[in-house]
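Note that the structure is a prediction, hence the values are computed from the model and not measured. For this chain, numbers begin at 1 and follow the sequence in order.
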Amino acid sequence: MKWKFSGDRTIYIQIVEQVKLFILSGELSPGSRLPSVRELAAEAGVNPNTMQRALCELETTGLLISQRTAGRFITEDKELILRLKRETTLKKTAGFIRDMSEIGYTAEEAVDFINIFLKRGEEV
């Protein structure tokens, strides 16, 4: 996993967001076991307590499941993953449309820009 942190928000929230995206994108597969808290913290360069807090937060959403002696696993609930993926997509789309609106474009014009971008074959 590639970790990226910025100084504008709490690290544990950024960890929650990134692990969620790793799951929604399929980088972390349903049913797969996560490395230990200490391993993840070392890999991300954060305090183990910060990582623990983030993983506990993800357990409350149902994306992670803790098995007492076996560790933490990604949920196998594909409907939950799909629902969260759709919710995330809608939020990101709404943010894009809002940003475009702030600089004077309509939603239709924003879609036109997406189509132009895709036709050019530019990397994201």
Side-chain angles (χ1 to χ4, degrees):
M1 290 181 276
K2 248 185 178 173
W3 300 95
K4 293 182 192 175
F5 299 111
S6 62
D8 63 340
R9 291 174 305 145
T10 309
I11 295 292
Y12 103 90
I13 291 173
Q14 292 180 64
I15 294 170
V16 169
E17 292 169 348
Q18 288 182 48
V19 172
K20 182 179 174 183
L21 286 175
F22 294 148
I23 294 168
L24 299 181
S25 71
E27 186 172 335
L28 291 174
S29 303
S32 63
R33 184 179 180 281
L34 280 179
S36 72
V37 170
R38 289 195 182 283
E39 290 171 320
L40 285 172
E43 180 183 299
V46 301
N47 184 295
N49 292 330
T50 303
M51 184 61 71
Q52 175 66 22
R53 182 176 179 194
L55 297 180
C56 285
E57 176 88 15
L58 287 160
E59 282 182 32
T60 64
T61 67
L63 281 174
L64 296 184
I65 297 166
S66 184
Q67 294 181 357
R68 193 173 194 94
T69 57
R72 283 191 174 93
F73 294 82
I74 309 303
T75 184
E76 293 188 58
D77 185 345
K78 292 180 182 170
E79 284 299 315
L80 171 64
I81 293 170
L82 185 59
R83 189 181 86 242
L84 290 173
K85 189 172 188 171
R86 285 183 184 143
E87 288 173 9
T88 301
T89 301
L90 287 172
K91 285 180 187 175
K92 288 184 176 288
T93 302
F96 171 72
I97 298 296
R98 193 172 34 258
D99 290 347
M100 294 297 284
S101 176
E102 286 176 4
I103 56 175
Y105 290 105
T106 66
E108 293 77 19
E109 290 170 322
V111 170
D112 289 342
F113 279 110
I114 291 171
N115 287 323
I116 290 167
F117 179 84
L118 293 173
K119 284 178 185 171
R120 287 184 182 167
E122 294 181 28
E123 290 289 319
V124 179

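Gln18 contributes atom CD, which lies 7.5 Å from atom CG of Leu21 (distance to the nearest 0.5 angstrom). The structure places CD1 of Ile74 at 4.0 Å from CG of Leu34, a figure rounded to the nearest 0.5 Å. A distance of 7.5 Å separates OG1 in Thr61 from NZ in Lys20, rounded to the nearest 0.5 Å. One distance of note links CD1 of Ile116 with CD of Glu109; it measures 10.0 Å at 0.5 Å rounding. Rounded to the nearest 0.5 angstrom, Asn115 CG and Arg120 CZ are separated by 12.0 Å.
Side-chain atoms of Glu57 never come within 3.5 Å of backbone atoms of Ile13 as a donor-acceptor pair (strictly under, hydrogens ignored). Under the 3.5 Å distance criterion, the side-chain polar atoms of Arg72 are left unmatched by any main-chain donor or acceptor of Glu59. Side-chain atoms of Gln14 come within 3.5 Å of backbone atoms of Arg9 as a donor-acceptor pair (strictly under, hydrogens ignored).
Applying the ring-ring contact (aromatic ring centres under 6.0 Å, His included) test to every pair with at least one member in residues 4-50, sequence neighbours left out, gives these pairs: Trp3-Phe22.
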For side chain to side chain contact (heavy atoms under 4.5 Å, CB included), just list the numbers for Leu58 and Ile15, CA-CA rounded to whole Å, side-chain angles, deciding distance to a tenth of an Å, and then say yes or no. CA-CA 10 Å; Leu58 287 160; Ile15 294 170; 5.7 Å; no

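Scanning all heavy atoms of the two residues, the minimum distance from Glu27 to Lys2 falls at OE2-N, 4.4 Å. Closest non-hydrogen pair, Leu63 versus Leu80, comes out as N-CD2, 4.1 Å. Minimum interatomic distance between Ser32 and Ser29 (heavy atoms only, all atoms of both residues): OG-O, 2.6 Å. In this structure, Pro48 and Arg38 approach most closely via the heavy-atom pair CG-NH1, 3.8 Å. The heavy-atom pair separating Thr75 from Asp77 by the smallest distance is OG1-N, 3.0 Å. Across all their heavy atoms, Leu40 and Pro35 have their closest contact at CD1-O, 3.6 Å.
Residues Leu28 and Ile65 do not share a hydrophobic cluster, clusters being chains of Ile/Leu/Val/Met/Phe/Trp/Tyr side chains in contact below 4.5 Å. Put simply, Leu84 and Phe73 are part of two different groups of oily side chains (I, L, V, M, F, W, Y) that touch within less than 4.5 Å, one to the next.
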Can you give each donor-acceptor pair under 3.5 Å made by side-chain atoms of residues 49-56, sequence neighbours left out, with the distance rounded to 0.1 Å?
none

Side chains of residues 91-105: which donor-acceptor pairs under 3.5 Å do they make with residues two or more places apart or in other chains?
residue : atom : partner : partner atom : Å
Thr93   : OG1  : Thr89   : O            : 2.8

